[in-house]
Amino acid sequence: MPHAIVDGLTAPIDRAFGLLAQFIEVCPEEIWVEKNGGWPVWQQMYHALVAVYFFVELPGEPAPPPLARVEIGSLREEGAEPLTKDQLRAALGTARTWVERHLAGLGDGDLSQLNAPLQAKTKLEITQAGTLAMIAAHTLYHLGSLDAALRDHGLKGVF
């Protein structure tokens, strides 16, 4: 099954996850717990990571256990106890592997197929190609807020 288009669509996702990894390494602890864009920095990163389990389901496999309550991961409630960089570093690896496993099961011909689980949740017709675009766009959106937190403190961002 051909994968040229799928491979091309994975580049923005890989870039987004790579930038999240860089952010974890360069973000000072005092910024990690600070609010930026309405939410604590650590919580925005956590939200970006757990969103991949909303966008993509692996048949017959439950998503990994959450590190915080759903309300915190979905940005409906501010988390009182911050997750650590080590926790989110591990969560990033798990989320990345989850998406890679999904991608491994897709061929170019699958990209026009609807993502039925996501359609059931959102009531929108979203194709597999659209899902990949959403993962990259959503992650990069939150990464922009994270990057702004660094720049607001006179630090170089990861973008």
Side-chain angles (χ1 to χ4, degrees), residues 1-25 27 36-79 83 85 87-151 157-159:
M1 138 172 46
H3 291 287
I5 300 170
V6 171
D7 291 345
L9 289 171
T10 63
I13 296 170
D14 288 342
R15 175 150 171 76
F17 286 156
L19 290 170
L20 285 178
Q22 287 178 33
F23 182 86
I24 292 170
E25 300 312 316
C27 183
N36 193 284
W39 298 97
V41 166
W42 68 268
Q43 191 172 349
Q44 284 212 45
M45 178 171 284
Y46 179 61
H47 168 75
L49 295 174
V50 297
V52 302
Y53 307 113
F54 179 80
F55 294 136
V56 171
E57 292 184 14
L58 295 179
E61 284 192 53
L67 298 174
R69 290 182 301 106
V70 169
E71 294 80 10
I72 293 168
S74 62
L75 298 181
R76 289 190 302 243
E77 182 182 306
E78 187 175 328
L83 297 175
K85 287 183 175 187
Q87 287 174 302
L88 288 182
R89 198 177 283 116
L92 173 59
T94 303
R96 190 176 213 159
T97 299
W98 186 268
V99 173
E100 287 170 353
R101 290 179 57 213
H102 175 68
L103 291 167
L106 290 179
D108 290 351
D110 299 318
L111 293 173
S112 62
Q113 301 300 313
L114 291 178
N115 178 338
L118 186 57
Q119 181 178 0
K121 293 177 209 171
T122 64
K123 309 298 184 233
L124 300 170
E125 291 186 359
I126 302 169
T127 63
Q128 291 294 344
T131 301
L132 300 182
M134 288 175 73
I135 291 169
H138 182 260
T139 304
L140 290 169
Y141 169 82
H142 286 286
L143 189 59
S145 291
L146 300 174
D147 218 37
L150 296 177
R151 293 177 191 278
V158 296
F159 272 119

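Position 1 is the first residue of the sequence; numbering continues from there.
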For residues 49-69, run the donor-acceptor check on the side chains, cut-off 3.5 Å, and write out each pair with its distance to 0.1 Å, sequence neighbours left out.
| from | atom 1 | to | atom 2 | distance (Å) |
| --- | --- | --- | --- | --- |
| Tyr53 | OH | Ala95 | N | 3.3 |
| Glu57 | OE2 | Lys121 | NZ | 3.0 |
| Glu61 | OE1 | Arg101 | NH1 | 3.1 |
| Glu61 | OE1 | Arg101 | NH2 | 3.3 |
| Glu61 | OE2 | Arg101 | NH2 | 2.2 |
| Arg69 | NH1 | Glu71 | OE1 | 3.1 |
| Arg69 | NH1 | Glu77 | OE2 | 3.4 |
| Arg69 | NH2 | Glu77 | OE2 | 2.1 |

Would you list the atom pairs, donor with acceptor, under 3.5 Å between side chains in residues 5-14 and any protein atom, with sequence neighbours excluded?
| from | atom 1 | to | atom 2 | distance (Å) |
| --- | --- | --- | --- | --- |
| Thr10 | OG1 | Asp7 | O | 2.6 |

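The shortest non-hydrogen separation linking Leu150 to Gly157 is CD1-CA, 4.1 Å. Shortest non-hydrogen contact noted between Val70 and Arg76 is CG1-NH2, 3.4 Å. Between Gln44 and Asn36, the closest heavy-atom pair is NE2-O, 2.6 Å. Summarising the geometry of Glu78 relative to Trp39, their closest heavy-atom pair is N-CZ3, 3.6 Å, with the distance given to 0.1 Å. Scanning all heavy atoms of the two residues, the minimum distance from Leu146 to Met45 falls at CD1-CE, 3.9 Å. The minimum heavy-atom distance between Cys27 and Val41, with the atom names listed, is SG-CG1, 4.4 Å.
With sequence neighbours excluded, no residue forms a side-chain hydrogen bond (donor to acceptor under 3.5 Å, both in side chains) with Ser145. The side-chain hydrogen bond (donor to acceptor under 3.5 Å, both in side chains) search around His47 returns His138, His142, not counting sequence neighbours. For Glu25, the side-chain contact (heavy atoms from CB on, under 4.5 Å) partners are Arg89, not counting sequence neighbours.
Ile126 places none of its side-chain heavy atoms less than 4.5 Å from the side chain of Gln119.
In this structure, Gln43 contributes its side chain and Ile72 its backbone to a donor-acceptor pair below 3.5 Å.
Sorted by first and then second residue, the pairs that involve residues 127-148 and meet salt bridge (Lys or Arg N to Asp or Glu O under 4.0 Å), not counting sequence neighbours, are Asp147-Arg151.
The local environment of OH in Tyr141 is sparse, with at most 12 non-hydrogen atoms from other residues, nucleotides or ligands closer than 6.0 Å.
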